[in-house]
Amino acid sequence: MPAERAGYTVTMFLIDISSSMGAIRTVDIETPDGHTQSVEMTNLQWGLQYVKLKVQEMVYNGRKTDQCGVIVFGSEHTRNIVNAANGGYDNVLEYIPIAQPNSNTITKIDALEPSSVSGDPVDALIVGIETQAKYLVNKKTWTRKIILVTDAESPIELEDWEATAKKMNQLNVSLTVVGIDFDDEEHGYHEPNKSNIKRTNEGFYVDLTSTMESGIVGSCEYVLQNISAPESKTVKSVLLGTVIRVGDVFSRSDEALEFSVKASKATAVARPKSWKKFILRTKDKVTAPDGMVIDEEPEGDDEKSAYAQLRMRTDFYIDRNAVKEEEIDEDVEMKEEDDNAMLLEATQGEDADRNKKKNTLEKVEKEVLVRGFKYGTTYAPCLDGQFPRLQTHKGIDICGFFPIKNFRRELSMSEVQYIWADPSSPQEQVALSSVVQAMVKKGVMAIGRWVSRDGMDPKMGVLMPVENPGVHYFLWCQMPFADDVRKYSFASLDHLVNKKGQVISEHPYLPTEKQLAAMDDFVDAMDLMSAGKDEDGNRVPWFNPIEVYNPAVHRVKQAMFHCAVVNDIATNPLPPPHPELTKYFEPPKKVLKKAQNAIEECQLAFNVKEVPKRVTRAKKDTHAHAHDDDDDDMLLLDEKKPSANASHYDIVGASAIIQGKGVEIEDDDDDLMEHKKLSMATPANEKGGPLPTLARSISPLVDPGIAPGRIIGNTYPLKDFKKNLAQGDVVTKAVEDLSSIIVEVVMRPFGSRRTQEMLDCMIQLRNTCLTEDEIAKWNSFIVDLKQKCLSKAGNLDFWRAVQDFGRGLSLISKQEAKQQGGESDVTENDAGEFISSK
Amino acid sequence: MPPYDDWNKIDEDEDEELQDFSMFETKRDVILFCIDCSESMLEQYESSKYEDKQTCKLYDALEAAMNIQKKKIISGPNDLVGILLFNTTRKSEVNRNQGSEIKRNTFLYQPIAPLSAPTIQELIRLLDAALEDQRELRTEFPPLTEGRVPMGDVFTSCNWVLRDGAPKTASKRVFLITDEDNPHPGLGSHQLTTSARTTLVDLIQAGVTVEPFFISTDEKPFDMSKFYSSVLGPTNLVDEYELAEDGSVLPENISISRVEELLEQMRFREVPKRALFSIPFHLAKGFTIGIKGYSLVTEQTKGTYEYFVDLGDRMEVAAVKTSYVDEDRQAEADRTKIVYGTDLGASSAADEEEQDNEESTTSGVRVVKTGNRPFYTAEEIRSFRTMGLEPGIKLLGFKDRSELEFEDNVRHSQFIYPDEMAYSGSKRTFSALLKSMLKKDKIGLALVLTRRNSSPVFCALLPQEEKKDEFGWPDPAGFHLIQLPFADDIRQAPIQEAFKASKDIVEYAYAWVDKLIIKNIGTYPPDSYPNPALAYHNAQLQASAFREEFDPDSFEDLSLPKTGSMHKRAGKLMKLWKTELQNDPSASIVVPATGTKRKADVSVDEAEIRSKYEAGHLAKLRVDQLKEFLKSKGQSVSGKKDELIGRVAQWIEEH
């Protein structure tokens, strides 16, 4: 079959509204969140969903040549052209004459109700064929489609149907029978308790469609499913003529060459169709100029509301009193706000409004405006909206060639075009072919300058030669001009220099050998080169653009169709997107499963932590804002109510202590000296937030007190610690973190209120160190703690509390260690001495 | 360029492309040029640009400032600039805009003000005068003879000037230009260094970025370690939010160059570096880093014209306001109450007939039962567009580099760079990923949603290795995000068969192709091709603003092919190839007309048309023949027969 012409089609919908269509059924509909919800509706309403979606598709495409008509059968009324001419054909009503459909068509279809009688589908079919044929009498090339929706419960006069089938074949009509609860072999559906008459009728439809050249029966369930599947619109690109020039064809035509080519699009972004804006009309001021429905409607009786489509209007305003260049920034901002406010009010009462506001915004007519460009504060009038254009000649000038291997793919900045040799000129095909082959042979691509029409602005681009088995051609893609490239500078990721000008080789910013290895494994594990399958089951790379639908385009389309055919979104929500649309939202399951180990390795090796979001900086920066804004607010709050929230206060203090003392808190923090220097030199620097790579940032909102790089927070250290131990393998890190936190908390100004908590932490910590073979860590921790506590700025009280606790918090001795299978070089004696000495 | 009205009609919340740049336009940029005026800056030397003229570093710096202003005024007409000079004894007059007097020995030559033609012209006049008379600058701005003004005072002055002159919301930058690497040697240097550092921190606190441009000469190379490395230090990284990135690393934005390269260096920073998006990059579940995205390639356009009203004494820009109205009622809609639906379709003739008698609706109105709403809210339609996703990049896996085809392109690429401030450890992770992918020659595949209001797309992540270029711009390390087309975007090839060239002809073609390979650059060089149409437009705009006459002949289009050298290198070979083509058997093949419709024979030989033209008998040809000929030459076929004949004649004359 030759490619179908878009449009140029008349579709007849033949809808069964016999009384049997009024049977109530329960339909499961999916809500957007994936749940199903049961809704009751008649068979007719169910079948009409399909009709409405089909009609909406025509409305959506908006083609004048895509028309439809609706004929109902089983109606109490009779009105059709065959009846008018010959009588008979009762209960068949031409409900909507053939025309281009719009939303009213859908409203009308929606209004259909099951009747109290029954009708013969064959009668309707004949009326449909005749009506269509009469309408298309002068339009022989148009496509004819008939869609019949029925439950097949009404008797059919099964005589002479072959003649009808023959007639349809003659006229090239394609027939689709949409059957409510028809048996569906493919989907394994059999209606239970099917009536005899329905079984016979179903058989008839199968016979009828199989005699036809293009006829098909489908169950309503299936077609409804099918209609929501995404489908790409195939657009045939237009061939636009241009020329390729090599050399100066104007003055040196003996050598220069020029051949005509055709350009057509290879990629063109498809965008979702735009939404139309509507507003609910309020009833109180009904002053419709053209006598609309709403006026005439009696109040209260079957109340209806109208949504009116909005049109965009552009107005121009001028502020005569605007003082030039005064307080520029505020002025502008203010003005914008004012404008908006003005506009809203302006409609309600323009004059009153204007008097009220001294700010004299004045509407101006477009006719009095002058076009021009701004040149700073100066204005350059330009009556046509543009200056005289650069003189250019249509065509693609070849500027030279360069090796394909040097091509920088990231410079491609446009959709891609095919460049073909003129299909009507074999000689030019040979010319283009020879250049393509020569370029492929040399491994080069061409730089070209393309002017689409005489006088149009030139574009630079590259021409890529392509040798296809059937045809040789170029692909064109636009390249940037010098003006289009932004040369931002970025700090080097590899080359870090400290202030002394020395290159640093170890730093938290630089990945370690271990980290590099983990990443290599990750990249290998997540390989997609053989994660997909083609039609024959061969392994192919996963994800091929030609098979991937634009989810937004199809989702928006689905939503548009949905709202066009339902009456209320709240009771009839949009079903979730078709699975085809989200197919590529996750990596293939197999790959993920295989990569699980590598992923976990990476998580551990890289230890990436989210840094809490800072609140936008205050505008006035003073030294008083010495801390991170988050912390700042907290600090202020706490100062007002010192006892209210002690733990937060502690957090703030923590960072100060770390800086002041230079406590090493992260294992990969090698450049400690630098940082220390920094923090001492510029206390104000803190304002911009602590360095996240160091474990200083605090996130009171997200994850209370857990600094980046740590697995234990300041707020509930013991809880965090236990949780981590329960999870298993990061004991060392947990021990380190808890040790640091204890020191921090204790060394803070108001550490005393957490003394008991810290002692509990220490008991737990010591216990863990003893059993988990982290004895050395405990011993160095407790020595450090003691030393700090006893130092000048220390916390003697806390150490006293530790001493009061006694031997159970002292160094871990050889004996103790041995019991747990560990090692220590501390004697029992030393351990006792350590805790009791002053 | 579409007319302004059309452009304006593009729905604000629907078009993505536009939003990409809106942020560049809305946020204004302020640059304060802060130029050293000392003795060494005034030292005269032979100009490399102007023959027989003497210039000095100050001249070159001011000239660069002027050129930057000229560029900026076009790219950002709402931006502001100012020029501050230091180490000069000239006193600033206190003017009403300047709230506080600035420090001694600093002089505010141009206060921060919106760019305007007169201020640029004033600067040009000064430069012209200086070129004529080498003492001009020295008398205008007498240099400080004894000692130097403390750098701390310079920074403080900058701070005050910006505080008083710059809008609060703008991005503010100081371009510091000096050739002195050690302004405070000897006694008290430590204190002066500390005060310089403190005042610089103050400046940075006020949201100002300092971009140093240090002039280095062969005789006196600029040594950072003498003074500036301890002053500029780490706090200088107030690039957007990248505050105090890391204490141990020198700032990235210091430029040390020869005076000739000053302008070029400044051009790199003419546009403030702004990230388009800052979103998480999910490598896997529970493995997320922070990145920022930048547009390194963006089409610069002429901009759109505005509407002005003549108020007699001045021209005022008219504010454009769009509103949505219910046309039947002439009522403006409250934006918060707008709901969204689909096009209701064209009203048919039948509908209109019915309107008179039946209960039907007019076009553009949908009647429903009260309480029902067959429309969506703005929030709902946004979720359809985003598919319910939050902004972010989600890695799906890796593919071979060769899988990224030339034709899989729909728009310009974007560039991503790690953001340590969002996730600590981002840099090392990003760096490791980049290295691994480069080593294995892989590209990444990712699902990308850059903004809350956009739609998800699939992108290839193309790794870029960090490279230091000798003279050009270094390639930063990072990934290019290349948006892949969807099935919906891909058009099938409309032509499947064509004649191909024989080996012999390919040889002839190969000969001239080989000769036309661009030497020494070896790739597409964007820098060699300034946009001629844009430059032409801007030149006219400038001439108009300066009230000068624009001379179109003086304009040079650098994007034109260098046909002269092309002919010199390959002209003969091209001619041979052409002759060979003429002799090819394909020349005599006539393609049978395809298509179902039978057409009259319209094919006319070019030779025949030429002979008709020479005989003056073009009018004897039929319209369809003329059209066919024009079509084959890619010319327009519109118009009456006379026009067609004219166009054919013109074509023949030109070829």
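Letters A, B, ... mirror the listed sequences (proteins, then strands); counts begin at 1.
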Worksheet item: Out of curiosity, B:Ser431 OG to A:Leu516 CG, how far, rounded to the nearest 0.5 Å?
Response: 7.0 Å
Worksheet item: So, do A:Lys442 and B:Asp514 sit near enough that their side-chain heavy atoms are less than 4.5 Å apart?
Response: yes
Item to complete: Pick one of side chain, backbone, both or neither for A:Phe278, based on which atoms fall under 4.5 Å of a heavy atom in chain B.
Response: both
Worksheet item: Is the closest side-chain heavy-atom distance between A:Phe387 and B:Leu541 below 4.5 Å?
Response: yes
Worksheet item: Side chain, backbone, both or neither: which part of B:Met566 has a heavy atom under 4.5 Å from chain A?
Response: side chain
Worksheet item: Under 3.5 Å, is there a donor-acceptor pair between the side chain of B:Tyr376 and the main chain of A:Ala559?
Response: yes
Worksheet item: Non-hydrogen atoms of chain A under 4.5 Å away: do they reach the side chain of B:Leu484, the backbone, both or neither?
Response: side chain
Worksheet item: Which atom names give the shortest non-hydrogen contact between B:Arg428 and A:Asn607, and what distance separates them?
Response: NH2-O, 3.4 Å
Fill in: B:Phe486 ring center within less than 6.0 Å of A:Tyr549 ring center
no
Worksheet item: Given side chains that start at C-beta, do those of B:Thr342 and A:Val59 come closer than 4.5 Å, heavy atoms only?
Response: no
Discussion item. Quick one, A:Glu415 and B:Asn409 - any side-chain contact, counting heavy atoms below 4.5 Å?
Written reply: no
Fill in: Segment of B:Ile518 engaging chain A (4.5 angstrom heavy-atom cut-off)
both
Worksheet item: Which answer fits B:Lys500, side chain, backbone, both or neither, if we ask what part of it has an atom under 4.5 Å from a heavy atom of chain A?
Response: both
Practice prompt. Identify which part of B:Ile338 has an atom lying under 4.5 Å from any heavy atom of chain A, answering side chain, backbone, both or neither.
Written response: both
Fill in: chain A contacts, top residue of B:Pro456, B:Gly341, B:Ala318 (heavy-atom pairs, under 4.5 Å)
B:Gly341
Discussion item. Any donor-acceptor pair under 3.5 Å linking the side-chain atoms of A:Asp484 with those of B:Thr298?
Written reply: no
Worksheet item: Using non-hydrogen atoms only, which part of A:Leu510 is less than 4.5 Å away from chain B: side chain, backbone, both, or neither?
Response: backbone
Worksheet item: Of the backbone (N, CA, C, O) and the side chain (C-beta and beyond), which part of B:Asp584 lies under 4.5 Å from a heavy atom of chain A, both, or neither?
Response: side chain
Worksheet item: Any side-chain heavy atom of A:Cys399 sitting closer than 4.5 Å to one from B:Tyr529?
Response: yes
Discussion item. Using heavy-atom distances under 4.5 Å, tell me whether A:Arg252 contacts chain B through its side chain, its backbone, both, or neither.
Written reply: both
Worksheet item: Would you call the rings of A:Phe490 and B:Tyr417 parallel, tilted or perpendicular, where under 30° means parallel and over 60° means perpendicular?
Response: tilted
Discussion item. Could you measure the distance from the CE atom of A:Met560 to the CZ atom of B:Phe384? Nearest 0.5 Å is fine.
Written reply: 10.0 Å
Practice prompt. Could you tell me which portion of B:Lys578 (side chain, backbone, both or neither) has an atom closer than 4.5 angstrom to a non-hydrogen atom of chain A?
Written response: side chain
Discussion item. Would B:Arg366 pass as a cation-pi partner of A:Tyr307, given that its NZ or CZ must be under 6.0 Å from the six-membered ring centre and within 45 degrees of the axis?
Written reply: no
Fill in: Part of B:Leu534 within contact of chain A (heavy atom distance under 4.5 Å)
side chain
Worksheet item: Relative to chain B, which segment of A:Val485 carries a heavy atom at a distance below 4.5 Å: side chain, backbone, both, or neither?
Response: both
Worksheet item: Do NZ/NE/NH1/NH2 and the carboxylate oxygens of B:Lys427 and A:Asp494 come within less than 4.0 Å?
Response: no
Discussion item. Return the OH to CG distance between B:Tyr307 and A:Leu369, rounded to the nearest 0.5 Å.
Written reply: 7.0 Å
Fill in: chain A contact via B:Lys440 - which portion, at a heavy-atom distance below 4.5 Å
side chain
Worksheet item: Which atoms of B:Phe287 come close to chain A, meaning under 4.5 Å heavy atom to heavy atom: side chain ones, backbone ones, both, or neither?
Response: both
Worksheet item: Is chain A contacted by the side chain of B:Glu466, its backbone, both, or neither, given a heavy-atom distance below 4.5 Å?
Response: side chain
Discussion item. Could you tell me if the side chain of B:Val297 sits less than 4.5 Å from the side chain of A:Glu410, heavy atoms only?
Written reply: no
Worksheet item: Using non-hydrogen atoms only, which part of A:Val370 is less than 4.5 Å away from chain B: side chain, backbone, both, or neither?
Response: both
Item to complete: I would like to know whether B:Arg491 and A:Ser264 meet side chain to side chain contact (heavy atoms under 4.5 Å, CB included); could you show each step before the answer?
Response: CA-CA 9 Å; B:Arg491 304 271 179 98; A:Ser264 73; over 6 Å; no
Fill in: B:Leu447 versus chain A, the contacting section by heavy-atom distance below 4.5 Å
side chain
